[in-house]
Q: 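Dropping the structure in here first, questions after.
Note that ligands are numbered from 1 as they come in the structure, with each ligand's atoms numbered from 1 the same way.
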Amino acid sequence: MNFKAKLIKAANTNKSWLCVGLDPDLDKLPSPVTKSLSGTEEFLKAIIDSTKNLVCAYKPNSAFYEQFGAEGITLLKGIINYIPDDIPVILDAKRGDIGNTSKMYAAAAFDYLRADAITVNPYMGHDCVKPFLDYQDKGIFVLCLTSNPSSSEFQKQYLKNQTMLYEQVARTALTWNKNDNLCLVVGATKPEELGELRQLVGGDIPILIPGVGAQGGDLELSLRNGANSKGELAIINVSRSVLYTGKDNDYVDKARAECLRLVSTMRSVLNLA
Ligand code: OMP
């Protein structure tokens with residue numbers, strides 16, 4: 001089963017387009033969790049156990065594991081392996097380099113870590129993204145319009161054809177989509193542009209929408225503008241405001257309660273029966 005089919009199946013089963021971001025930060029761990037690699041592993045596994053029937057995907061961000069060196073990579077591999085097989089894993093690594101190097105990044109993500117999808121940076125052009133897209137069953141999330149405050153510095157610059165760079169990224173990326181595995185990243189902090197981009201790319205492209213919670217993105221507007229006409233393919237990622245909402249022994253219950261709150265909004269906005 002390819003990434004998109006696996007994603008839609010998980011979303012339908014759990015009636016949810018929530019993706020929980022698994023971004024471990026020692027400084028933010030709840031007080032009962034030991035501030036160590038093994039404590040982090042226990043924490044992440046407890047979060048997965050308590051949220052796995054409320055999500056359509058998980059998204060570990062590689063940086064939060066790389067900070068621990070080789071043992072962090074082992075932890076990342078272990079966490080990907082721990083996630084139930086029917087829930088897709090989006091590896092957030094924002095990779096991209098000359099083709100020959102991207103091939104190695106793709107092998108690391110898909111052959112070694114066994115992720116189902118990855119985030120990539122399109123700045124270097126098609127030959128740098130192609131080695132990822134060549135993995136037909138994997139989802140390739142191209143950064144289009146990011147959620148951060150400085151995203152407009154480059155992404156909202158006008159090109160000679162009077163198109164903003166982020167819009168050109170979407171148009172050009174569509175021409176790369178020979179294997180029907182192209183996906184986009186658009187921040188929840190940019191809901192209007194998200195709506196325009198959904199119109200532009202059509203209803204078949206999954207869009208990862210980070211920025212709800214700690215970054216202040218608008219959940220309802222992101223769902224309305226990011227979903228297709230069937231109420232699908234708007235993947236709302238939330239990391240910190242799910243993981244670190246509980247500071248005490250109740251952290252698992254609090255994380256689950258926050259997911260339930262987000263998912264109940266999704267169910268009503270998207271009419272998920
Ligand atoms: P929270 O702000 O804690 O919910 O985390 C957001 C997650 O999404 C982090 O892992 C970010 O690196 C990632 N992200 C963004 O916040 N903004 C973007 O535009 C793109 C991403 C991403 O590619 O996932």
Q: Check whether NZ of the Lys or CZ of the Arg Lys77 lies under 6.0 Å from the centre of the six-membered ring of Tyr112 and within 45 degrees of that ring's axis.
A: yes

Q: A quick test of your reading: do over 12 heavy atoms of other residues, nucleotides or ligands sit less than 6.0 Å from NZ of Lys35?
A: yes

Q: So is Asp92 polar-close to ligand 1, meaning N/O to N/O under 3.5 Å?
A: yes

Q: At what distance is the nearest protein heavy atom to atom 10 (O) of ligand 1, and which residue and atom is it?
A: Asp23 OD2, 2.7 Å

Q: Measure across Asp204 and Lys4 and return the closest heavy-atom pair with its distance rounded to 0.1 Å.
A: O-NZ, 2.7 Å

Q: Around atom CG of Asn161, are there more than 12 heavy atoms from other residues, nucleotides or ligands closer than 6.0 Å?
A: yes

Q: Could you identify the single nearest non-hydrogen protein atom to atom 16 (O) of ligand 1 and state the distance to 0.1 Å?
A: Gln215 NE2, 2.8 Å

Q: Counting each atom of ligand 1 from 1 as listed, which ones have a heavy atom of Arg240 under 4.0 Å away?
A: 1 (P), 2 (O), 3 (O), 4 (O)

Q: Just checking Tyr105 against Phe132, ring centres under 6.0 Å apart?
A: no

Q: Please report which non-hydrogen protein atom sits nearest to atom 17 (N) of ligand 1, along with the residue it belongs to and the distance in Å to one decimal place.
A: Ser147 OG, 2.6 Å

Q: Does ligand 1 have a heavy atom under 4.0 Å from the side chain of Asn237, from its backbone, from both, or from neither?
A: side chain

Q: Classify the contact between Pro210 and ligand 1 as side chain, backbone, both or neither, using a heavy-atom distance cut-off of under 4.0 Å.
A: side chain

Q: How far is atom 23 (O) of ligand 1 from its nearest protein heavy atom, and which residue and atom name does that atom have?
A: Lys94 NZ, 3.0 Å

Q: I need the atoms of ligand 1 closer than 4.0 Å to a non-hydrogen atom of Thr146, numbered in the order shown.
A: 19 (O)

Q: Which residue and non-hydrogen atom of the protein lie closest to atom 8 (O) of ligand 1, and at what distance in Å?
A: Lys59 NZ, 3.2 Å

Q: Are there more than 12 heavy atoms of other residues, nucleotides or ligands under 6.0 Å from atom NZ of Lys103?
A: no

Q: Taking the six-membered ring of Phe3 as reference, does the NZ or CZ atom of Lys138 fall below 6.0 Å from its centre and within a 45° cone about the axis?
A: no

Q: Check whether more than 12 heavy atoms from other residues, nucleotides or ligands sit under 6.0 Å from atom OH of Tyr82, and answer yes or no.
A: yes

Q: Go through ligand 1 atom by atom and flag the ones less than 4.0 Å from a non-hydrogen atom of Thr119.
A: 23 (O)

Q: Select one of side chain, backbone, both or neither to describe which atoms of Val185 lie under 4.0 Å from any atom of ligand 1, heavy atoms only.
A: side chain

Q: Would you say the side chain of Pro30 lies within less than 4.5 Å of the side chain of Phe43, judging by non-hydrogen atoms?
A: yes

Q: Considering heavy atoms of the protein only, find what lies nearest to atom 12 (O) of ligand 1 and give residue, atom and distance to 0.1 Å.
A: Asn61 ND2, 3.0 Å

Q: Please state which protein non-hydrogen atom is closest to atom 4 (O) of ligand 1 and give its distance, to 0.1 Å?
A: Ser239 N, 2.9 Å

